Amino acid sequence: MKSISKLALVVSLSFLFSSQAIANEEISGDSYLNKAGLKFLSGLVNVATGWIELPKNIILTGQKDTPVSGLTIVTLGVLQGAWYTINRTGCGVVDLVTFMIPTNPLVDPVFVWNDFLRETEFKGYQIN
């Protein structure tokens with residue numbers, strides 16, 4: 001009985017540490033599931049993190065080479081940040097509701113932390 005248990009243990013361990021056979025199926029970035037999944041995830045994340053556009057735009061406005069005072073920079077940054085916060089959150093809601101239609105997300109960069117020091121662009125639907 002002990003030898004059968006040892007044999008079963010050795011066979012089980014060999015399956016555990018053996019290499020798995022993986023199908024050589026290439027998954028393209030343009031598949032329906034990839035696009036719908038990215039759109040759902042970006043919508044969910046943009047609804048939750050849209051508020052980060054506020055400090056991001058204050059920073060970006062402060063980095064521009066303009067001869068205005070600090071108070072003006074903060075005021076313009078807050079106004080633009082509030083507008084971009086509303087836009088990113090709204091685009092996130094639209095992406096979340098329409099994720100089953102395989103289009104690209106409405107916001108570029110897709111997530112607010114991607115390419116943080118670049119101004120956000122809001123796009124229409126692009127099917128390609």
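Quick caveat, the model's predicted, so the values are computed rather than measured. We count residues from 1, following the sequence as given.
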Mind checking what makes side chain to side chain donor-acceptor pair (under 3.5 Å) contact with Asp108, not counting sequence neighbours?
Arg118
Give a yes or no on whether Leu106 and Val112 share a hydrophobic cluster (residues Ile, Leu, Val, Met, Phe, Trp, Tyr; joining criterion: side-chain heavy atoms under 4.5 Å apart).
no
Is there a path from Trp113 to Leu44 through hydrophobic residues (I, L, V, M, F, W, Y) whose side chains come within less than 4.5 Å of each other?
no
Tell me the salt bridge (charged side-chain N to carboxylate O under 4.0 Å, His left out) pairs involving residues 70-79, sequence neighbours left out?
none
Can you pull out every salt bridge (charged side-chain N to carboxylate O under 4.0 Å, His left out) where at least one residue sits in residues 78-88? Sequence neighbours excluded, please.
Glu53-Arg88
Mind checking ring-ring contact (aromatic ring centres under 6.0 Å, His included) for Phe116 and listing every partner two or more places apart, or none if nothing turns up?
none
ILVMFWY cluster, Leu79 and Trp51 together (side-chain gap under 4.5 Å)
no
How does the hydrophobic cluster around Val93 look, that is, which other residues are in it when side-chain heavy atoms under 4.5 Å mark a link?
Val47, Val97
Could you tell me the separation between the CG atom of Leu76 and the CG atom of Asn57, rounded to the nearest 0.5 Å?
11.0 Å
Just how far is it from atom OG1 of Thr89 to atom CG of Asn87, taken to the nearest 0.5 Å?
9.0 Å
Enter the distance from Leu96:CG to Leu41:CG here, rounded to the nearest 0.5 Å.
10.0 Å
Listed by chain and number, what are the side chain to side chain contact (heavy atoms under 4.5 Å, CB included) partners of Val110, not counting sequence neighbours?
Leu38, Ser42, Pro105
Per the ring-ring contact (aromatic ring centres under 6.0 Å, His included) rule, what does the pair list look like for residues 84-105, sequence neighbours excluded?
Phe40-Phe99, Tyr84-Phe122
Phe111 to Asn46 - nearest heavy-atom pair and separation
CA-OD1, 4.2 Å
For Thr98, does its backbone N or O pair with a side-chain atom of Lys39 as donor and acceptor, under 3.5 Å?
yes
Is there a side-chain contact between Gln80 and Thr61, using heavy atoms and a 4.5 Å cut-off?
yes
Heavy-atom pair of closest approach, residues Val107 and Cys91:
CG2-CB, 3.5 Å
Rounding to 0.5 Å, atoms OG1 (Thr85) and CG (Leu54) come to a distance of 5.0 Å
Contacts of Ile86 meeting side chain to side chain contact (heavy atoms under 4.5 Å, CB included) (sequence neighbours excluded), chain-then-number -> none
Test log, rule side-chain contact (heavy atoms from CB on, under 4.5 Å), inputs Asn104 and Lys123
CA-CA 9 Å; Asn104 293 329; Lys123 304 177 179 184; over 6 Å; no
Mind checking whether Tyr32 and Met100 have side chains closer than 4.5 Å, heavy atoms only?
yes
